[in-house]
There are 2 protein chains.
Amino acid sequence: MSGAKALSMDLPLDQILRGECVETMRTLPSGSVDCIFADPPYNLQLRGELRRPDDSVVDGVDDDWDKFSDLQEYDRFTREWLSEARRLLHKDGTIWVIGSYHNIFRLGAILQDLGFWILNDVVWRKSNPMPNFRGRRFTNAHETLIWAARSQDSRYRFNYQAMKALNDDVQMRSDWYLPLCTGNERLRNEHGLKLHPTQKPESLLHRVLLASTTVNDVVLDPFSGSGTTAAMARRLRRHFVGIERHPDYVEAAMARVAREVPLDDDAIQTTQDKREAPKLPFGSLVEQGTLVAGTVLSDKKQRIQATVAADGTLVSGAKRGSIHKMGAMLTNAPSCNGWTFWHFEREGVLLPLDVLRQESLAATASQ
Amino acid sequence: MSGAKALSMDLPLDQILRGECVETMRTLPSGSVDCIFADPPYNLQLRGELRRPDDSVVDGVDDDWDKFSDLQEYDRFTREWLSEARRLLHKDGTIWVIGSYHNIFRLGAILQDLGFWILNDVVWRKSNPMPNFRGRRFTNAHETLIWAARSQDSRYRFNYQAMKALNDDVQMRSDWYLPLCTGNERLRNEHGLKLHPTQKPESLLHRVLLASTTVNDVVLDPFSGSGTTAAMARRLRRHFVGIERHPDYVEAAMARVAREVPLDDDAIQTTQDKREAPKLPFGSLVEQGTLVAGTVLSDKKQRIQATVAADGTLVSGAKRGSIHKMGAMLTNAPSCNGWTFWHFEREGVLLPLDVLRQESLAATASQ
DNA sequence: ACACCGGCTGAATCTCTCC
DNA sequence: CGGAGAGATTCAGCCGGTG
């Protein structure tokens, strides 16, 4: 994704803007951000205070910003900020929202109503959730993230191979097992009390940003709070724009960002998707003599053969075509990746053509 | 809960009624069921044919009953059957609905709009989900259930101790790890093909009914399908009322129920679910900051070095791969256990990565 | 009898670029 | 905007056949 970078000239980069969420978003240019992460107020509807079995009071979320008169008011607020978010998002951009069962269904339905295209719902499984003290429900041990593209036809970014690498080389699933933000990671005020009631763990934002953005992308967090998004953006060398109404949070978050050291060139690299690798036409291997015209290729089980022609096509009897087309034709398949289908012999071993491509790309990269 | 039993005289018990969902519900008496389990159409909106990398075709859900012209029509349908469901539910009763990201946000929002009171959202984590074949999203590895009481002041049933016992004497969490319905459990037609495209596993209904109903309770399933709810109700000695519009499904489900043997008085119904072996991908250590990206690892004799990248791969020159692959590559070995091969330095001492893994697993204890 | 291997399958919104 | 073509992409578990 060339992304929104060219459009971001009017965007105040790497800052947390103090102000109301919607009002501040209205001052920013359309299509100027590549990705949005939003952790909106939860509308928790807590009735009175909650006590642990030992009668200590649970420090729940009871700040003013979490009080909404009713569902309709919450929906109105949600539609308003999500509409602005959609305007700010680049056409190929994606948005993440996080919530619990109190608000996630409102968020999801309104996302769909506004034309966002849901790509995944992702479950953050907490390794250390708060137990259900009254024993009247299941332990609420997860929160839900929704990942959505701006529209159905967005050509969004997903760093598939990086996610696979992060998960021991099997596809990353939609359920993520991560600890809560505790201990030293948790920001505290001068009295040692937690600064923000819902500070998100860095590991969560690390995975979110690694999955759906690339270096120098612009990430917007309209409910910046303790600044986890901003801090992880800086660490991973993405640009950020935060919005936060409470000056204390703005200050604490910017101080936090300043303490963050961006990863260096070696550490920031991730496994590349093949789709992004430099293109190398099969014909150039023949031109360069890497593979001599006249070489006979076969499938892995050596049931099918074809001969390499001087123009990089394959020939078998009266049939001729690209490595892909011939693979598909000779196996009656609708399509075929010739790079992995066709094999050549080297020192008695059958190797896929892809090996030659990798070698050739590696050789030219180091020049 | 004294429950709805006294009211159920006009209710046709332990049958699957052939008919349209809403129409049939209208014939049943108000407040007559203790619990509802509903697996409505998901509105998947599948477009073309999907093929696996081996070119085989995925047998998707293309049935007419899952097609809706737009979200508005889906919402209308949902409001209609949920309204009837609420009328049939006893004042202290609860409802379960299951869905995927395609429809669960519509379901949840409408439940709230109608006055249901959400108790939990529960995540069914699939042990064996279908992969994402195109590598364009996270593996869709879960479905979501919403558990809600008829109203905020319902004195609903929750068998807390039974759930705790089922979970090795720790509170049952909101994330459940259960396999898909496959193998012998899957109902098949005379050609050996699956009878119903979306048959739910018995383990799921077993847990649902065990959590939220008691012996002789009445359970309604307005989208009965293959009859998993009815079968598990009979096994657990609950009464059931099913509604299903396709006569073939009604017949197959009633035959299935007839094969079911109710548990006897002594049977303690704890089909213990497989405890999940604690797994920890190397990438998690990087995300969680246990090991910082940019750290240089080495073998025990410090002859070989590599740098940790942000996606949990190791980098050395032009080479990149998992801790295992890189260990093997750099030593020319066929394979390598990266956890014991690679070492990091702590207080001047070289320690294997495995130490970090053990520490991290111990800290988070029970997955 | 037992191990191993190949085949099959599951609620799936599943490509991208160039002409 | 439509069509053609290049080329990227899979995990766990069950079943049946074979050695």
Side-chain angles (χ1 to χ4, degrees), chain A residues 1 92 112 116-121 148-149 152-156 158 160-161 164 167-174 272-277 279-283 301 312 321-328 333-342 353-354 357, chain B residues 39-63 65-68 71 98-104 124 126-144 179-186 188 192-194 196-201 223 225 274:
Chain A
M1 173 162 54
D92 293 331
Q112 291 177 308
F116 288 99
W117 189 245
I118 297 181
L119 299 169
N120 280 111
D121 57 339
Q152 185 172 357
D153 58 358
S154 296
R155 286 172 306 175
Y156 59 90
F158 177 54
Y160 173 78
Q161 293 294 351
K164 194 172 168 178
N167 194 40
D168 278 356
D169 283 335
V170 297
Q171 290 190 341
M172 185 68 81
R173 298 168 40 119
S174 55
Q272 286 301 305
D273 283 23
K274 275 200 179 162
R275 291 183 177 93
E276 297 199 331
K279 298 267 179 279
L280 185 69
F282 176 68
K301 296 187 176 172
S322 71
I323 54 172
H324 313 295
K325 233 179 170 176
M326 284 294 279
S335 71
C336 172
N337 182 345
W339 290 107
T340 49
F341 178 80
W342 293 106
L353 288 183
D354 204 43
R357 178 168 62 161
Chain B
D39 181 13
Y42 285 11
N43 188 24
L44 284 186
Q45 308 165 64
L46 305 181
R47 288 184 284 189
E49 173 185 77
L50 178 65
R51 286 172 178 269
R52 299 185 176 81
D54 67 2
D55 265 333
S56 62
V57 178
V58 173
D59 182 16
V61 178
D62 56 358
D63 305 66
W65 49 254
D66 198 46
K67 296 199 189 336
F68 295 84
L71 285 177
I98 183 167
S100 64
Y101 65 83
H102 309 85
N103 70 326
I104 197 68
W124 168 28
K126 302 177 182 181
S127 59
N128 49 350
M130 188 158 76
N132 184 288
F133 295 118
R134 296 294 178 187
R136 293 297 292 140
R137 302 181 179 197
F138 299 98
T139 307
N140 194 0
H142 75 276
E143 292 187 25
T144 302
L180 294 174
C181 178
T182 58
N184 281 333
E185 189 185 318
R186 192 99 197 193
R188 293 176 196 283
L193 301 173
K194 61 186 175 194
H196 193 281
T198 70
Q199 184 178 344
K200 293 291 173 286
F223 305 96
K274 262 187 292 187

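Each chain gets a letter, A, B and so on, in the order its sequence line appears, and its residues count up from 1. Quick caveat, the model's predicted, so the values are computed rather than measured.
- One atom, CG of A:N120, and another, P of C:dA11, lie 17 Å apart when rounded to the nearest Å.
- Backbone-only engagement by B:N140 is indicated by non-hydrogen atom pairs under 4.0 Å involving sugar-phosphate atoms exclusively.
- Nucleotide D:dG17 is matched to C:dC4 when pairs are restricted to Watson-Crick or G-U wobble geometry with both distances under 3.5 angstrom.
- Between B:R186 and the phosphate of D:dG13, there is no side-chain N or O to OP1/OP2 separation shorter than 4.0 Å.
- Taking atom C1' on both nucleotides, D:dT9 is separated from C:dA12 by 14 Å, rounded to a whole Å.
- Spacing between D:dT18 and C:dA1 at atom C1', rounded to whole Å, works out to 14 Å.
- When rounded to the nearest whole Å, the span between CG of B:L193 and P of D:dC14 equals 20 Å.
- Side-chain proximity of B:P53 to the nucleotides D:dT10, D:dA6, C:dG10 is greatest for D:dT10.
- A sub-4.0 Å separation between OP1 or OP2 of C:dA11 and a side-chain N or O of B:S100 is absent.
- One atom, CZ of B:F68, and another, C1' of C:dA11, lie 13 Å apart when rounded to the nearest Å.
- For the pair A:N337 and D:dA8, the criterion of a side-chain N or O lying under 4.0 Å from OP1 or OP2 is met.
- Between A:H324 and D:dG7, a side-chain N or O to OP1/OP2 separation shorter than 4.0 Å is present.
- Considering CH2 of B:W65 and OH of B:Y42, their distance stands at 9.0 Å, rounded to 0.5 Å.
- As judged by a 4.0 angstrom heavy-atom cut-off over every strand, B:W65 is placed among the base-contacting residues.
- Only the C1' atoms considered, D:dC15 is 23 Å distant from C:dA11, to the nearest whole Å.
- Taking OH from B:Y101 and OG1 from B:T144, the interatomic distance works out to 11.5 Å, rounded to the nearest 0.5 Å.
- Counting only heavy atoms from C-beta on, B:R134 has its side chain closest to D:dT9 among C:dA11, D:dT9, D:dA6.
- For B:L50, taking side-chain heavy atoms from C-beta onward, the closest of the listed nucleotides C:dT13, C:dA11, C:dA12 is C:dA12.
- B:P201 comes within 4.0 angstrom of nothing in the nucleic acid, heavy atoms only.
- Each of C:dC14, D:dT10, C:dA12 was ranked by its minimum atom distance to the side chain of B:D54; first place goes to D:dT10.
- Contact check, A:Y160 against D:dT10: a side-chain N or O comes under 4.0 Å of OP1 or OP2.
- Which of C:dA11, C:dT13, D:dT10 sits closest to the side chain of B:D66 comes down to C:dA11.
- Using a 4.0 Å heavy-atom criterion, one finds that B:R52 contacts the bases of the nucleic acid, with or without backbone contacts as well.
- In this structure, the nucleotide among C:dA11, C:dT13, D:dT9 sitting nearest to the side chain of B:L180 is C:dA11.
- Sequence order on DNA chain D of the closest nucleotides to A:W339 and B:G183 puts A:W339 first from the 5' end.
- Among the protein residues, B:G48 comes within range of the nucleic acid bases, having at least one heavy atom under 4.0 Å from a base atom.
- For A:S174 (side chain) and B:A141 (main-chain N/O), a donor-acceptor pair under 3.5 Å exists by modelled atom type.
- Using modelled atom types, one side-chain atom of A:N120 and one backbone atom of B:F138 make a donor-acceptor pair closer than 3.5 Å.
- Contact annotation for B:C181: no contact, since no heavy-atom pair falls under 4.0 Å across all strands.
- For C:dT13, the base is syn relative to its sugar; the glycosidic angle is within 90° of 0.
- Atom-to-atom, CZ of B:R188 to C1' of C:dC8 comes out at 10 Å; the value is rounded to the nearest Å.
- At the heavy-atom level, B:E185 lies nowhere under 4.0 Å from the strands shown.
- If you find the closest nucleotide of DNA chain C to B:R47 and to B:S56, the one lying nearer the 5' end belongs to B:S56.
- Contact annotation: B:K194 side-chain N/O to C:dG10 OP1/OP2 distance is under 4.0 Å.
- Between D:dG7 and C:dC18, the two P atoms lie 12 Å apart (nearest whole Å).
- In this structure, of D:dA6, D:dT10, D:dG13, it is D:dT10 that holds the atom nearest to the side chain of A:K164.
- Among the atoms of the strands shown, only primed sugar atoms or phosphate atoms (P, OP1, OP2) are found under 4.0 Å from some heavy atom of B:N184.
- In the set D:dA8, C:dT17, D:dT10, C:dT17 carries the atom at the smallest distance from any side-chain atom of A:R155.
- In this structure, A:I118 reaches the bases: a heavy-atom distance under 4.0 Å links it to at least one base atom across the strands shown.
- For the atom pair CZ of B:R136 and CZ of A:F158, the computed distance is 8.0 Å after rounding to the nearest 0.5 Å.
- As a whole-Å value, the separation of B:E143 CD from C:dA11 C1' is 6 Å.
- Residue B:V58 is classed as a base contact, given a heavy-atom separation below 4.0 Å to a base.
- Of the candidates D:dG13, C:dT13, D:dA8, D:dG13 carries the atom nearest the B:S127 side chain, counting heavy atoms from C-beta on.
- Looking at heavy-atom distances under 4.0 Å, B:P129 makes contact with a base.
- Side chain of A:R357, nearest nucleotide from D:dA6, C:dA11, D:dA8: D:dA8.
- Across the strands present, C:dA12 finds no partner; the criterion is a Watson-Crick or G-U wobble pair with both atom distances under 3.5 angstrom.
- If you check every strand for non-hydrogen atoms under 4.0 Å, A:Q152 touches nothing.
- Both A:C336 and B:P131 sit near DNA chain D, but only A:C336 has its closest nucleotide nearer the 5' end.
- The distance from atom CG of A:D273 to atom C1' of D:dA6 is 17 Å, rounded to the nearest whole Å.
- Rounded to a whole Å, the CG atom of A:D92 is 15 Å from the P atom of C:dT15.
- Look at CE on A:M326: it is 15 Å from P on D:dG5, rounded to the nearest Å.
- Residue A:Q161 places at least one side-chain N or O closer than 4.0 Å to OP1 or OP2 of D:dT9.
- Nucleic acid contact for B:R136: sugar-phosphate only, since backbone atoms but no base atoms lie under 4.0 Å from a heavy atom of the residue.
- Judged by distance alone, with hydrogens and angles left aside, the side-chain atoms of B:Q45 form a donor-acceptor pair with the main-chain N or O of B:N43 at under 3.5 Å.
- The residue among A:K301 and B:K126 whose nearest nucleotide of DNA chain C lies closer to the 5′ end is A:K301.
- By the 5.5 angstrom centroid cut-off and the 30-degree plane limit, A:W117 is classified as stacked against the base of C:dT13.
- Separation of the C1' atoms belonging to C:dG10 and D:dA8 is 22 Å when rounded to the nearest angstrom.
- Side-chain atoms of B:F133 and B:D54, non-hydrogen and from C-beta on, never get closer than 4.5 Å to each other.
- Nucleic acid contact class of B:R51 (heavy atoms, under 4.0 Å, all strands): none.
- Side-chain atoms of B:L180 and B:R186, non-hydrogen and from C-beta on, never get closer than 4.5 Å to each other.
- In this structure, A:W339 and A:I323 have side chains that are in contact, with non-hydrogen atoms separated by less than 4.5 Å.
- Summarising the base pairing, D:dT9 is matched to no nucleotide, lacking a Watson-Crick or G-U wobble pair whose two defining distances lie under 3.5 Å.
- Cation-pi geometry between A:R357 and A:F282 is not met at under 6.0 angstrom from the ring centre and within 45 degrees of the axis.
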